Amino acid sequence: MSKSTRLDSKENESKLLPIYRHKEELILAVKDSTFLAVTGETGSGKTTQLPKYLHQAGFCKDGKIGITQPRRVAAITVAQRVAQEMQCTLGREVGYQVRFDDCTSQSTVVKYMTDGCLLREILADPVLSQYSVVILDEVHERSLNTDILLGLLKKMFSDSAKAIKGRSFPLKVVVMSATLEADKLSAFLSDCPVFTIPGRTFPVTSTFGFAVGPKDIESAGYLKEVLSFSFESGRELKRACDLLYEKRPTVEGLLILPLYGSMPTDQQRQIFQPPPSGIRKCVVATNIAATSLTINGIKYIIDSGFVKQLNHNSRVGMDILEVVPISKSESEQRAGRAGRTSAGKCFRIYTKEFWEKSMPEYTVPEIQRTSLTAVILTLKCLGVHDVIRFPYLDCPEERFILEALKQLYQFDAIDRRGRVTQLGKLMVEFPLHPGLTRAVLKAASLGCHDLLLPLAAMLSVENIFIRPGHPEKQKEADTIHRALAAKTGSMNDFATLLSVFQLCKSSDRPSAWCKDHWIHWRALKSAFSVETQLREILLRLQQVQDFPVDTFDGDKSELFRRCLCTGYFTNVARRSVGKVFCTMDGHGSMVHLHPSSSLFDQEGKLNWIIFHDVLVTSRMYVRTACPIRYEWVKDLLPKLHEVDVYELSSVAREEVTDEEMIQWETREAAKRQPEVSTEDVIKKLEKRNNEATVGDARARYMQRKQQRQPNKAL
DNA sequence: GAGCACTGC
């Protein structure tokens, strides 16, 4: 087949998509209004075709068409496809931009990108003056960045003076979503028109099972039972399971099992290959299958009903990874995967009662269950001072916002009146948690950023230590990892990470070095890229801004940890009894060192520590830690309690009067007593550690955990 | 003495 014939066939193929019949209407709808909501199921062609139509209709005359995606792979693959259909070289008229990969040029007019990239662009150009159309895709997924973009775009038009001032031609906004959220979106965007494109899906019938908790699913016995025995509703699952095990299935099609555990990454590639004729393929997948993977020909779904989710808990001030029931809408989506190419079946292994009583209608959007510190700083830098009344499609709880403000104040990113500081303006440029950025900037001001940049990169990527399942191998890996930690000459997990980065980077054969040391080469490679990016950002800021310069007259060997303290003083803990540590952030949580830490079993020698993160499993564990001296954080710790909720909410609402400010400052001055003894400060800090609160939080957690245990009686 | 879903800049 010649090249042109192939292209023609692509073009003809696109004319078969459901969206094609609505081409002219769609173009008119975009012309007629500022906001437009477009809904359509997967397969309607909206992601690839709408930008193409708008391009053909002349929307690129003044500016670009930008289309956001929540994920990188999607941005890249869709751009490739559209470039092919429009018969142009990728990176010319049609391009994409994701982190570490900018495939655009001066001539790019149709630009696919991740939502995070567009947010970065808004920081540099708040009215998006280069764009004539912005399309937010997959809005129903409710990713944090897409939600923020939605609010910003809505706000751009309500602050009409501002928007007009910065632009010479109109901006059109299209939001694309699955059907369920369309009316809500329309209401949010001043009752904009909703354009519905029929999808191309087949019916899926669902049946229920008898599992009532993740433990049921976890136990191999149960899974085996489910897969080989029976279902409450009879033969259907039996048939599906027969299909799974039979070498010569009687029905064509695939079967997919969405689980909530991890999947060996090295096996992912084979998933996309069609099975040999007469062999059934079974895909066992995490929720990566919900969005990121498109596997054609799936006919059966087995739905576990659970998902592993990272939730922010503002009660204890930390992120907790937990297994929770999915929402009904998520379950419908899982089921929908079986009906893409023909009629399908979904086997829900939980009871109908569980569906009715324990599963929420919709998934809680990310913005309502995540730490907002970085996002609030971004908003502040965009001139959104009233972060409580920002137009959120779904408002985060006020205490989440207050907690974020408090942290930003603690990191010197905002001042007492909620205004972004010089330091805050530098911090927003880094793709890191503000605390870590604070440590990086401290190091840079002292000229020792070579210590902090690699560390920040290592803390940004997935876990680098491989721990195999095989007991022998596990022992081997543990020994090697411990030796790596010992090499730094001190108990310090941060220093170990830095050392691994440096050792690998300076090795002649870095990938072989990783293999020898049970380290993920892929993770280290991305750490190298992140470090390069962070270094570039730092260099740029040092050239244009009034960059802070500090001096350090302490012991050189303390420099690294002293820098860390400026970003991690919110994560300070003091050893209380035995191996238990008590956090000093005001929550007074009782935490243990994780056994993977080089400080583990050395607790007796420790007093004060700082840590990177907390993991709640059988206990509350802190991972990646190092010992510090109380003197290093003594002056910082009072900052943890300096601001109270009342003041912050005023700051957040921009309601602070001058009178209030004077009152507040007087109170603050009174608090700052001339010389306070160490014991006094500690006493004061520990007094805040309300044990009832901690015990309560713990009890709630255990209760939730209990609820998830198998209940054989049912 | 451990139990790490998934994105994104």
Side-chain angles (χ1 to χ4, degrees), chain A residues 68-75 97-102 113-124 138 141-149 214-215 218 258-263 265 285-293 304 306-311 319-324 326 330 363 365-366 369-370 374-375 377-378 427-434 436-437 456-457 460-469 471 474-475 477-478 481-482 520 523 526 529-530 533-534 536-537 579 592-597 599-601 603 613-624:
Chain A
T68 68
Q69 294 291 327
R71 283 168 303 281
R72 286 193 219 171
V73 203
Q97 189 188 349
V98 298
R99 189 183 188 183
F100 305 128
D101 192 2
D102 183 355
M113 66 191 115
T114 49
D115 48 10
C117 276
L118 188 66
L119 202 50
R120 290 277 141 190
E121 281 194 41
I122 291 195
L123 266 173
E138 313 284 12
E141 284 186 29
R142 307 299 307 276
S143 88
L144 180 61
N145 288 333
T146 296
D147 266 19
I148 293 294
L149 285 171
K215 283 281 167 200
E218 221 163 68
L259 295 181
Y260 54 86
S262 64
M263 168 166 59
T265 45
T286 62
N287 53 343
I288 192 169
T291 48
S292 302
L293 299 184
S304 69
F306 288 86
V307 67
K308 199 165 225 161
Q309 203 171 58
L310 186 71
N311 291 322
D319 293 334
I320 297 173
L321 190 68
E322 51 193 353
V323 176
V324 294
I326 58 169
E330 210 171 333
T363 308
E366 194 183 1
R369 50 180 176 84
T370 201
V375 151
L377 180 61
T378 307
M427 283 167 67
V428 79
E429 299 290 330
F430 289 87
L432 296 173
H433 181 272
L436 192 49
T437 312
S460 304
V461 299
E462 62 210 286
N463 183 25
I464 58 150
F465 297 104
I466 298 169
R467 195 151 192 272
Q474 196 172 84
K475 227 173 155 184
D478 286 353
H481 292 161
R482 250 183 299 240
H520 278 291
S526 47
S529 316
V530 175
Q533 188 196 23
L534 297 177
E536 282 165 5
I537 294 169
K579 294 182 162 195
H592 288 78
L593 277 164
H594 193 269
S596 66
S597 168
L599 281 65
F600 183 79
D601 259 353
E603 287 90 345
D613 62 351
V614 186
L615 177 73
V616 183
T617 50
S618 56
R619 280 174 172 172
M620 266 192 165
Y621 285 110
V622 297
R623 290 187 299 187
T624 321

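No experiment lies behind these values; they were computed from the predicted model shown.
- Separating the CG atom of A/L377 from the P atom of B/dG8 is a distance of 22 Å, rounded to the nearest angstrom.
- Within the 4.0 angstrom heavy-atom criterion, base atoms lie near A/D478.
- Across all strands, A/L119 comes closer than 4.0 Å to no nucleic acid atom at all (heavy-atom distances).
- Rounded to whole Å, the distance from CZ on A/R623 to P on B/dC4 is 8 Å.
- Listed nucleotides B/dG3, B/dG8, B/dA5 differ in distance to A/R72; the shortest reach to its side chain belongs to B/dG8.
- Proximity of A/H594 to the phosphate of B/dG3: a side-chain N or O atom is located under 4.0 Å from OP1 or OP2.
- With hydrogens and angles disregarded, no donor-acceptor distance shorter than 3.5 Å links the side chain of A/T146 to the backbone of A/R142.
- A straight line from CE of A/M427 to P of B/dC9 spans 20 Å, rounded to a whole angstrom.
- Side-chain nitrogen and oxygen atoms of A/R619 include none within less than 4.0 Å of the OP1 or OP2 phosphate oxygen of B/dG1.
- Remark: the backbone N or O of A/P468 is paired with a side-chain donor or acceptor of A/Q474 at under 3.5 angstrom.
- Going from atom CG of A/D115 over to atom P of B/dG8 covers 9 Å, rounded to whole Å.
- Across the protein-nucleic acid pair, A/R482 atom CZ and B/dA2 atom C1' stand 11 Å apart, rounded to whole Å.
- Taking all atoms of both residues into account, the shortest heavy-atom contact from A/A74 to A/Q69 is CB-OE1, 3.8 Å.
- At least one side-chain nitrogen or oxygen of A/T114 sits closer than 4.0 Å to the OP1 or OP2 atom of B/dC9.
- With DNA chain B read from its 5' end, the first of the two nearest nucleotides for A/P431 and A/D601 is the one closest to A/D601.
- More than 12 heavy atoms of other residues, nucleotides or ligands shown are found within 6.0 angstrom of NZ on A/K579.
- Here the P atom of nucleotide B/dA5 and the CZ atom of A/R369 are 16 Å apart, to the nearest Å.
- At distances below 3.5 Å, not a single donor-acceptor pair connects side-chain atoms of A/E121 with backbone N or O atoms of A/L119.
- Here B/dC6 presents its P atom at 9 Å from CD of A/E462, a figure rounded to the nearest Å.
- If you check B/dC9, B/dA2, B/dA5 against the side chain of A/V98, the one that comes closest is B/dC9.
- Residue-to-nucleotide proximity on DNA chain B shows that, of A/Y621 and A/R99, the 5′-proximal contact is made by A/Y621.
- Here the side chain of A/C117 is nearest to one of B/dC9, B/dA2, B/dG3, namely B/dC9.
- Atom CD in A/E536 sits about 14 Å away from atom C1' in B/dC9, given to the nearest Å.
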